[in-house]
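Read the structure below first, then the notes.
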Amino acid sequence: MHRVIGERSLAETSVDPDLARSLLRDIVRARVFDHRAVALQRRGWMSGYPPFEGQEGSQVGAAHALADDDWLFPTYRSNAMQLARGRPPADILRFRRGLSGFEPDGPTGDSTAENRETGRSGTTFTAATPIATQLPHAVGAGMAATHLDADHAVCAYLGDGATSEGDFHEAMNFAGVFSAPVVFFCENNHWAISLPEERQTRSETIAQKASAYGFDGLRVDGNDPLAVYEVVAESRERACAGDPVLVESLTYRQGAHSTSDDPDRYRGEVDLPEWRTADPLERTAAYLREEGVVDDGFVESTRERANAELDEAVAAAESTPESDPGEAFDYAYATLPPRVAAQRRAVVDRERTRE
Ligand SMILES: Cc1ncc(C[n+]2csc(CCOP(=O)(O)OP(=O)(O)O)c2C)c(N)n1
């Protein structure tokens with residue numbers, strides 16, 4: 001188990017003070033985003049939202065370990081990772097509202113201009129909602145990078161539940177056989193909706209599943225962003241050299257699976273070690289204060305700025321016009337097959353009669 005907090009001083013890590021402050025700043029930004037998004041959903045602003053509270057340290061640590069031209073394949077849960085990679089918060093809010101103002105960064109995507117806070121960029125694909133479907137796509141993108149002699153890595157994000165899907169195993173197998181430059185970043189947050197990890201798999205760890213495909217699996221304390229940064233940074237180097245890696249980041253979903261879930265129905269006392277359920281924001285802030293790289297006011301002033309950033313993002317998402325319902329059909333085919341064309345007409349007509 002890889003760890004920094006409680007074991008090493010900052011000077012003994014590969015994280016310099018500027019990066020350490022960026023990690024904490026992005027954790028705070030993510031927390032503020034998550035709280036605001038839940039509040040917006042509660043007043044009907046969007047139909048549903050999957051909170052990630054408790055997973056910010058893991059996601060932000062991983063995001064910062066990627067190079068600017070690496071590609072990220074996220075899911076509905078990994079918004080902290082997307083924000084830390086430079087996706088503007090307004091884009092994520094539009095996506096949650098089903099608005100087409102959302103601009104996925106294409107292969108040449110660059111959100112730097114809008115990303116005043118971090119100045120980071122990179123290609124970040126649209127978040128996948130079907131479980132594990134992003135994984136074969138990510139491996140395909142990695143194989144394409146090898147084919148094109150591009151030297152970027154691909155990070156495929158997944159949850160523990162995704163490891164039970166066929167897509168996971170197919171993607172892992174292809175990554176191994178084709179030496180694809182892929183880091184599988186699995187956040188084991190203990191739950192797949194109501195199913196705890198011990199009922200997800202009989203394997204002792206998720207990391208060990210990598211050995212069946214001929215590459216390494218590593219475990220990291222996911223509530224320690226510095227440790228996650230180190231493990232993912234090393235893994236991406238290995239991936240670029242033709243050795244994919246599966247990283248299992250052990251963290252904890254503090255809240256509900258989504259705003260339509262009530263975890264009290266299935267979650268009693270959980271018997272997990274304290275580090276596993278620790279709050280990454282408080283833990284990282286305490287460590288960095290002790291190390292003398294942030295002062296007492298750092299979290300509060302970052303929170304204020306993040307709130308202002310979100311006010312702007314909400315206003316931008318609110319001023320985005322409603323999507324054209326027909327657009328949902330527009331980008332998969334050059335020419336719509338007749339059955340799909342009929343479905344498109346039916347949807348557009350139905351929406352028109354609603355107006
Ligand atoms: C293919 C597919 N099957 C089922 C679902 C319903 N579903 C949504 S989230 C979820 C649990 C996923 O758990 P995990 O992979 O651990 O990710 P987490 O939600 O914890 O981030 C399921 C089964 C889905 N979205 N897609």
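Remember, it's 1-based here, ligands and their atoms both numbered in the order they're listed.
- For the pair Asp26 and Arg85, the salt-bridge criterion is not met [side-chain N within less than 4.0 Å of a carboxylate O].
- Here the CZ atom belonging to Phe52 is positioned 13.0 Å from the CG atom belonging to Asn189, to the nearest 0.5 angstrom.
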Could you list the donor-acceptor pairs under 3.5 angstrom formed between side-chain atoms of residues 150-159 and any protein atom two or more places apart in sequence or on another chain?
| residue | atom | partner | partner atom | Å |
| --- | --- | --- | --- | --- |
| Tyr157 | OH | Glu187 | OE1 | 2.5 |

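- Under 3.5 Å, the side chains of Glu12 and Ser9 contain a donor-acceptor pair of N or O atoms.
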Pairwise, report which nitrogen or oxygen atoms of ligand 1 are under 3.5 angstrom from protein nitrogen or oxygen atoms, and how far apart they are.
| residue | atom | partner | partner atom | Å |
| --- | --- | --- | --- | --- |
| ligand 1 | 15 (O) | Gly161 | N | 3.2 |
| ligand 1 | 15 (O) | Ala162 | N | 3.0 |
| ligand 1 | 16 (O) | Asp160 | N | 3.3 |
| ligand 1 | 16 (O) | Asp160 | OD1 | 3.3 |
| ligand 1 | 16 (O) | Gly161 | N | 2.7 |
| ligand 1 | 17 (O) | Tyr76 | OH | 3.4 |
| ligand 1 | 19 (O) | Tyr76 | OH | 2.7 |
| ligand 1 | 19 (O) | Arg77 | NH2 | 2.8 |
| ligand 1 | 20 (O) | Asn189 | OD1 | 3.4 |
| ligand 1 | 20 (O) | Asn189 | ND2 | 3.0 |
| ligand 1 | 20 (O) | Trp191 | O | 3.0 |
| ligand 1 | 21 (O) | Arg77 | NE | 2.9 |
| ligand 1 | 25 (N) | Thr129 | O | 3.1 |
| ligand 1 | 26 (N) | Ile131 | N | 3.0 |

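- What you find for Val220 and Met1 is that their closest heavy atoms are C-SD, 3.4 Å.
- A donor-acceptor pair is defined here as one N or O able to donate and one able to accept, closer than 3.5 Å; no such pair exists between the side chain of Glu248 and the backbone of Thr205.
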